[in-house]
Protein chains: 2
Amino acid sequence: MSPPSGSPIATRACTVARHMAGSPVPCSTCAARQFSICAPVPESELTEFFAMSARIRVEARRHLFNEGDPAQHVFNITAGTVCLSKALADGRRQITGFLSEGDFIGLAHGDSCAYGAEALTPVEACRFPRERFEQYMAKHPDVERRLLQIASTELAAAQDQMLLLGRKTASERLASFLLRLSDRAVARGEPANLVALPMTRSEIGDYLGLTLETVSRTMTQLRKAGAIDLDNVNMVRIVSQDSLRRLAGTV
Amino acid sequence: MSPPSGSPIATRACTVARHMAGSPVPCSTCAARQFSICAPVPESELTEFFAMSARIRVEARRHLFNEGDPAQHVFNITAGTVCLSKALADGRRQITGFLSEGDFIGLAHGDSCAYGAEALTPVEACRFPRERFEQYMAKHPDVERRLLQIASTELAAAQDQMLLLGRKTASERLASFLLRLSDRAVARGEPANLVALPMTRSEIGDYLGLTLETVSRTMTQLRKAGAIDLDNVNMVRIVSQDSLRRLAGTV
DNA sequence: CGAATATTTGAACTTAATCAACCGAGGTGG
DNA sequence: CCACCTCGGTTGATTAAGTTCAAATATTCG
């Protein structure tokens with residue numbers, strides 16, 4: 001499913017940095033990814049970039065950081081799936097996004113993390129000390145510009161999600177969700193009609209503002225309506241893009 | 001309510017530009033505003049900035065632009081209140097934010113506007129041609145950096161809103177909303193306990209993912225609970241910050 | 001004053017949440 | 001190896017929160 005991210009890379013040679021070197025060989029993990037921080041950087045400055053990066057691995061179910069932690073690092077995911085979430089005092093939580101290879105974490109930070117980040121699968125990531133990353137960024141407007149692009153894209157996605165959460169019905173939410181995952185799959189060169197769900201029903205619920213039961217029921221509805229099929233619990237086959245799109249309203 | 005924004009300013013001398021000149025006199029409309037694009041720019045480059053700005057006025061209920069329009073301009077609001085919204089085909093809509101003096105519109109644009117912008121009150125704004133603004137920005141990393149800050153702040157706000165829309169009850173939503181407005185009021189030097197609502201119940205509903213009836217009923221609840229009082233329909237007096245905060249959960 | 005618009009309140013209804021039972025796959029230990 | 005346990009998922013019955021439809025009351029503005 002994911003590209004061969006176990007390929008021989010020096011432990012500290014993070015994929016972001018490699019890509020930034022402008023190497024003609026596209027980086028195996030972050031190449032052409034929508035959110036990855038890719039910008040050409042002269043070879044001479046690469047050492048500096050290498051020096052501040054570290055490759056980390058996080059087991060499934062472990063947290064990269066928690067809501068409220070001091071914001072010490074920024075990350076570029078190179079493998080696996082991460083979810084970002086905010087919680088209320090009584091435990092209700094909202095997942096604000098699912099991230100995978102090529103996605104960047106570290107925007108929207110003040111001094112402390114405004115959200116938590118949890119690995120849903122085993123995760124690999126490049127980690128940069130936040131402060132040094134920002135100093136570096138200040139010297140490289142290209143990187144800053146790329147980050148502004150990323151932020152703008154995320155903002156647009158957040159607005160779509162607000163429309164979904166505020167105004168869509170359960171089936172519209174789930175249909176929209178599956179279509180987005182399908183688009184993502186296409187963007188990374190996978191077939192459009194086969195959507196993997198690396199997250200549980202409960203996590204989908206926390207993302208869509210529903211309960212896990214409603215997610216399950218709605219999944220069954222979509223199946224009975226002939227829009228999707230479940231190859232297994234976490235592999236959805238989209239049978240009819242059209243009916244799914246009609247069910248979704250938009251996005 | 002709003003600061004004296006009718007003070008003598010040359011028609012094309014937009015407040016953003018004035019502030020950017022690093023004038024010791026703080027700009028009457030965008031000074032110290034959280035989202036305003038303020039950065040020191042040498043006097044010599046000011047002409048260029050003036051040249052591309054225009055001061056516009058928009059009547060209440062009129063649109064600055066519609067969802068789907070080609071994205072031609074960016075704006076800095078200098079007076080009045082604007083709402084940004086996205087709609088579904090059948091008319092359901094989600095308001096993604098209320099903006100007022102000092103707020104910037106123009107992030108998250110692709111080639112076309114991802115959302116519409118409507119004046120809720122008479123509005124004044126500085127308008128910049130998008131393309132020229134971006135060229136200018138490219139030459140001034142300071143402005144770009146400021147915009148990244150803005151985007152990050154908006155992203156954090158969007159995540160708060162997702163938590164609100166996905167997981168909070170009606171009274172928690174309304175309480176959170178009033179507290180945010182109160183914080184905004186404080187930020188502009190107004191009293192914390194007196195919150196003006198320049199928008200209708202229906203617009204509040206479209207922002208909070210509720211119907212106008214639920215907004216009205218919930219307002220009554222909060223009043224009966226002794227958390228707020230209604231001086232008139234669009235002026236809320238916060239009687240007990242504490243109970244409001246307790247009702248809100250967070251934010 | 002009167003029309004138009006916004007708000008409040010009421011009653012019936014709908015959607016999704018809650019509570020609860022059951023199913024099935026995967027892993028553990030006897 | 002198999003019984004058992006756990007965890008995630010599905011399905012059912014009931015309930016609650018908020019929507020919808022409807023009517024009455026304020027408010028604004030010409």
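In what follows, every chain begins at residue 1, and chains take the letters A, B, ... in the order their sequences are listed.
- Between A/R93 and A/E118 a salt bridge is recorded (basic side-chain N to carboxylate O distance below 4.0 Å).
- A salt bridge is absent between A/K168 and A/D160: the closest approach of a Lys/Arg side-chain nitrogen to an acidic carboxylate oxygen does not fall below 4.0 angstrom.
- Against DNA chain C, the stretch residues 204-222 of chain A makes heavy-atom approaches under 4.0 Å through A/G209, A/L210, A/T211, A/E213, A/T214, A/R217.
- In this structure, B/N232 places its CG atom 13 Å from C1' of C/dA6, rounding to the nearest Å.
- If you check every strand for non-hydrogen atoms under 4.0 Å, A/L197 touches nothing.
- We find that CZ of B/R223 is positioned 12 Å from C1' of C/dT9, with the value rounded to whole Å.
- When each of B/T169 and A/S202 is assigned the nucleotide of DNA chain D with its nearest heavy atom, A/S202 is the one assigned upstream, toward the 5' end.
- Here the P atom of nucleotide D/dT10 and the NZ atom of A/K224 are 12 Å apart, to the nearest Å.
- D/dA26 atom C1' lies 12 Å from atom CG of B/N234, rounded to whole Å.
- Look at CG on B/L164: it is 12 Å from P on D/dG18, rounded to the nearest Å.
- As rounded to whole Å, 17 Å separates atom P of C/dT15 from atom CG of A/L174.
- By the 30° and 60° cut-offs, the orientation of the rings of B/Y115 relative to B/F65 is tilted.
- Nucleotide D/dT20 holds its C1' atom 14 Å from the CZ atom of B/R92, rounded to whole Å.
- Between B/R184 and B/E101 there is no salt bridge, since no side-chain N of the basic residue sits under 4.0 Å from a carboxylate O of the acidic one.
- Regarding A/E203, its CD atom lies at a distance of 11 Å from the C1' atom of D/dG8, rounded to whole Å.
- Applying the salt bridge (Lys or Arg N to Asp or Glu O under 4.0 Å) criterion to A/R237, with sequence neighbours excluded, gives A/D231.
- Applying the side-chain hydrogen bond (donor to acceptor under 3.5 Å, both in side chains) criterion to B/T121, with sequence neighbours excluded, gives no partner residue.
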